[in-house]
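Okay, structure first, notes after.
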Amino acid sequence: MPGHKLTRTSSFDAIIIGAGAAGMMCALTAGQRGRRILLLDHLDRTGAKILISGGGRCNFTNVNGAMADRYLAANPHFAKSALGRYSPADFIAMVDAHGIAWHEKTLGQLFCDGSAKQIVAMLEDECAKGGVETRLLARITGISKPDENFRIETPGGDFVAPALVMATGGPSIPKMGATGLAYDVARQFGLKVVEPRPALVPLTLGADDRMFESLSGVALEVVARAGKTTFREAALFTHRGLSGPAILQISSYWRNGGTISLDLLPDKDAAALLTQAKRDRPKAEAKTILREHLPQRVADALAERIGLAGQMVAHKDQALIEAGRRLNGWDFCPSGSEGFAKAEVTIGGVATDGLDQKTLAAKRLPGLHFVGEAVDVTGWLGGYNFQWAWASGRAAGEAL
Ligand SMILES: Cc1cc2nc3c(=O)[nH]c(=O)nc-3n(C[C@H](O)[C@H](O)[C@H](O)COP(=O)(O)OP(=O)(O)OC[C@H]3O[C@@H](n4cnc5c(N)ncnc54)[C@H](O)[C@@H]3O)c2cc1C
């Protein structure tokens with residue numbers, strides 16, 4: 001027939017778009033429950049972000065408990081249901097059943113001994129057990145719901161199913177295939193999206209704090225603070241600003257124009273330390289005193305910045321107390337962040353008030369689910385984001 005588009009249409013019980021952490025967990029769960037599942041991804045491989053995660057070893061969960069207080073969300077209670085029903089121990093059981101060796105690093109973080117590839121292979125294997133049909137290099141050209149089914153169009157054919165799961169993640173690291181497709185679909189079907197912004201991201205510094213540039217490559221333990229939130233971990237000076245776990249963590253709580261405070265001498269009362277040093281060793285160089293407590297390059301740069309030149313005796317007590325206060329609370333205003341290009345995750349996403357916390361389905365359209373990073377639930381650094389991906393994927397997979 002002239003003008004008629006000849007397309008092959010295949011039908012499934014559910015179609016999952018996004019073969020990342022949450023999409024694969026959702027697919028294997030539903031597939032093993034006997035559902036006919038189609039898993040689509042536009043990349044040429046599954047689990048692209050899993051492969052680069054945790055420096056190639058995938059920090060796949062955190063045994064300090066995936067409590068809801070480790071997550072940022074407009075509704076902090078939303079994640080509790082899914083996280084409560086699929087725990088770190090549940091994921092570890094799957095990892096163990098596949099004979100994947102792992103170890104605990106700091107702060108309860110679990111990593112593969114070998115490679116993140118093992119996690120992807122495990123998920124692919126579990127999907128195969130569930131008879132999941134995976135199609136890679138699938139370019140989505142249309143999503144609609146003309147009747148009781150969702151219709152997904154791709155150049156390779158159309159697919160229909162009464163349930164659709166959006167597992168396309170957030171826009172962080174676009175070069176790894178990240179897109180905002182889940183947000184577009186949410187809006188298309190009347191759901192709200194909480195403004196997405198980069199999180200777990202290095203921060204940049206303005207001209208005022210340029211002295212940090214000379215410290216590029218130096219790391220030290222700090223307490224980073226934004227408002228009432230603090231993280232005690234390493235900070236790393238970079239060419240453009242600051243990075244390292246303490247900074248990545250606090251970046252999630254920082255908003256443009258806000259101040260961050262760094263305690264550069266955690267556990268030490270720097271004012272008392274400096275005034276005491278003046279009494280005990282008046283002829284000592286101030287720099288020398290600082291070098292005893294800080295990496296040398298940091299000590300030298302800070303001594304210059306806070307005017308601690310020459311011998312200790314040359315400084316009034318009040319000046320030392322003031323200098324000490326700055327060392328325990330170095331306030332600075334980042335000029336910005338390195339943006340989505342460098343952000344490990346995205347804060348914001350599909351608003352949870354339109355979703356059912358048990359099934360991750362849209363309240364007004366129960367066949368449409370959103371899982372993983374696409375949803376407005378963002379974890380701390382340390383395996384919490386994967387745990388949310390597993391738990392939310394599982395919750396939706398059990399509801400399909
Ligand atoms: C460098 C880096 C390291 C990280 N390390 C860790 C870590 O060690 N521990 C941790 O817990 N978290 C880590 N994270 C965060 C973690 O990777 C994410 O939170 C997690 O992958 C989110 O899972 P997801 O399934 O929701 O999304 P993703 O894993 O991002 O999967 C989304 C999938 O959807 C596909 N997709 C996107 N758009 C489309 C489209 N338009 N059409 C078709 N397919 C599409 C993508 O190709 C991708 O396969 C890291 C992130 C980065 C960037």
Side-chain angles (χ1 to χ4, degrees), residues 15-27 38-62 66 70-71 88 91 102 105 107-112 116 119-120 123 134-143 152-155 164-185 198-202 243 245 248 252 338 340-347 349-350 360 369-394 396-397:
I15 297 167
I16 301 169
I17 306 184
M24 280 199 280
M25 178 57 91
C26 184
L38 174 67
L39 179 62
L40 298 173
D41 202 290
H42 63 169
L43 292 182
D44 62 354
R45 80 204 80 148
T46 60
K49 272 195 192 163
I50 300 175
L51 294 173
I52 58 159
S53 69
R57 291 223 159 92
C58 186
N59 175 196
F60 55 81
T61 194
N62 193 300
R70 308 283 156 103
Y71 293 87
F91 192 75
W102 51 268
K105 261 193 168 171
L107 306 169
Q109 304 167 1
L110 302 194
F111 288 76
C112 298
I119 298 292
V120 176
L123 296 168
T134 305
R135 294 211 181 192
L136 300 174
L137 294 170
R139 191 161 56 82
I140 314 293
T141 52
I143 297 178
I152 312 302
E153 293 167 40
T154 76
L164 172 65
V165 182
M166 292 306 300
T168 47
S172 50
I173 321 247
K175 68 172 198 262
M176 294 305 302
T179 70
L181 181 64
Y183 307 155
D184 299 340
V185 172
L200 298 182
V201 64
S243 187
L248 298 181
S252 301
E338 296 206 15
F340 282 119
K342 292 280 171 66
E344 272 195 22
V345 287
T346 306
I347 275 199
V350 179
L360 282 299
H369 303 248
F370 293 86
V371 294
E373 198 179 320
V375 180
D376 175 29
V377 173
T378 308
W380 285 2
L381 187 80
Y384 295 103
N385 284 296
F386 277 135
Q387 187 59 35
W388 167 246
W390 315 136
S392 59
R394 188 71 164 196

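Whatever order the structure lists ligands and atoms in, that order sets their numbers, starting from 1. Remember, it's a predicted structure, so these values are computed and weren't measured experimentally.
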Option nearest atom 16 (C) of ligand 1 (shortest heavy-atom distance, choices Phe340, Phe386, Phe111): Phe386

Heavy-atom side-chain contact between Phe340 and Thr346 under 4.5 Å: yes

Region of Ala167 that comes within reach of ligand 1 [heavy atoms, distance under 4.0 Å]: backbone

Whether Trp380 and Tyr384 hold their rings parallel, tilted or perpendicular, with breakpoints at 30° and 60°: perpendicular

Numbered atoms and elements of ligand 1 in range of Gly372, under 4.0 angstrom, heavy atoms: 26 (O)

Residue, atom name and distance, where the atom is the protein heavy atom closest to atom 24 (P) of ligand 1: Ala22 N, 4.0 Å

Contacting atoms of ligand 1, where contact means under 4.0 angstrom from a heavy atom of Ile140: 42 (N)

Min N/O separation Ala389 to ligand 1 under 3.5 Å: no

Ligand 1 atoms in contact with Ile52 (distance to a heavy atom under 4.0 Å): 1 (C)

Ala48 touching ligand 1 at heavy-atom level, < 4.0 angstrom: no

Between Ser243 and Glu338, a side-chain donor and acceptor under 3.5 Å: no

Contact check: Glu373 vs ligand 1, nitrogen or oxygen atoms, below 3.5 angstrom: yes

Gly54 neighbourhood, listing ligand 1 atoms whose heavy-atom distance to it stays under 4.0 Å: 5 (N), 8 (O)

Per-atom contacts of ligand 1 with Leu43, taking only distances under 4.0 Å to non-hydrogen atoms: 47 (O)

Protein contact of atom 51 (C) of ligand 1 - nearest heavy atom, named by residue and atom, plus distance: Glu344 O, 3.2 Å

Considering all heavy atoms, the nearest Cys112-Ile119 contact: SG-CG1, 3.5 Å

Nearest-contact summary for atom 3 (C) of ligand 1 - protein heavy atom, Å: Ser53 CA, 3.6 Å

Nearest-contact summary for atom 47 (O) of ligand 1 - protein heavy atom, Å: Asp41 OD1, 2.8 Å

pair Trp388-Arg70: side-chain heavy atoms closer than 4.5 Å: no

Distance from atom 30 (O) of ligand 1 to nearest protein heavy atom, with residue and atom: Lys49 CD, 3.6 Å

Polar proximity ligand 1 side, Ala21 side, N/O cut 3.5 Å exclusive: yes

Ser252 versus Ile347, closest heavy-atom pair with distance: O-CD1, 3.2 Å

Residue pair Glu153 / Thr141, side-chain donor-acceptor N/O under 3.5 Å: no

Distance, nearest 0.5 Å, that separates CD of Glu344 from CG of Leu248: 6.0 Å

Sub-4.0 Å atoms of ligand 1 with respect to non-hydrogen atoms of Ile173: 53 (C)

Side chain, backbone, both or neither: Asn59 near ligand 1, heavy atoms under 4.0 Å: both

Under 3.5 Å donor-acceptor, Asn62 side chain and Gly382 backbone: yes

Side-chain heavy atoms of Asn385 within contact of Thr378, under 4.5 Å: yes

Those atoms of ligand 1 less than 4.0 Å from some heavy atom in Gly20: 25 (O), 29 (O), 31 (O), 33 (C), 49 (O)

Minimum-distance protein heavy atom relative to atom 36 (N) of ligand 1: His42 NE2, 3.5 Å

Rounded distance (nearest 0.5 Å) linking atom CG of Leu38 with atom CD1 of Ile152: 9.0 Å

Leu39, Thr179, Leu40: member with heavy atom nearest to atom 41 (N) of ligand 1: Thr179

Identity and separation of the nearest protein heavy atom to atom 27 (O) of ligand 1: Gly169 CA, 3.6 Å

Proximal atoms of ligand 1 relative to Val345 (non-hydrogen, under 4.0 Å): 15 (C), 19 (O)

Non-hydrogen side-chain atoms of Thr168 and Ile140 separated by less than 4.5 Å: no

Check against side chain to side chain contact (heavy atoms under 4.5 Å, CB included), Ile16 and Val371: CA-CA 10 Å; Ile16 301 169; Val371 294; 6.0 Å; no

Side-chain heavy-atom pair Ser172, Glu373 within 4.5 angstrom cut-off: yes

Minimum-distance protein heavy atom relative to atom 37 (C) of ligand 1: Gly177 O, 3.3 Å

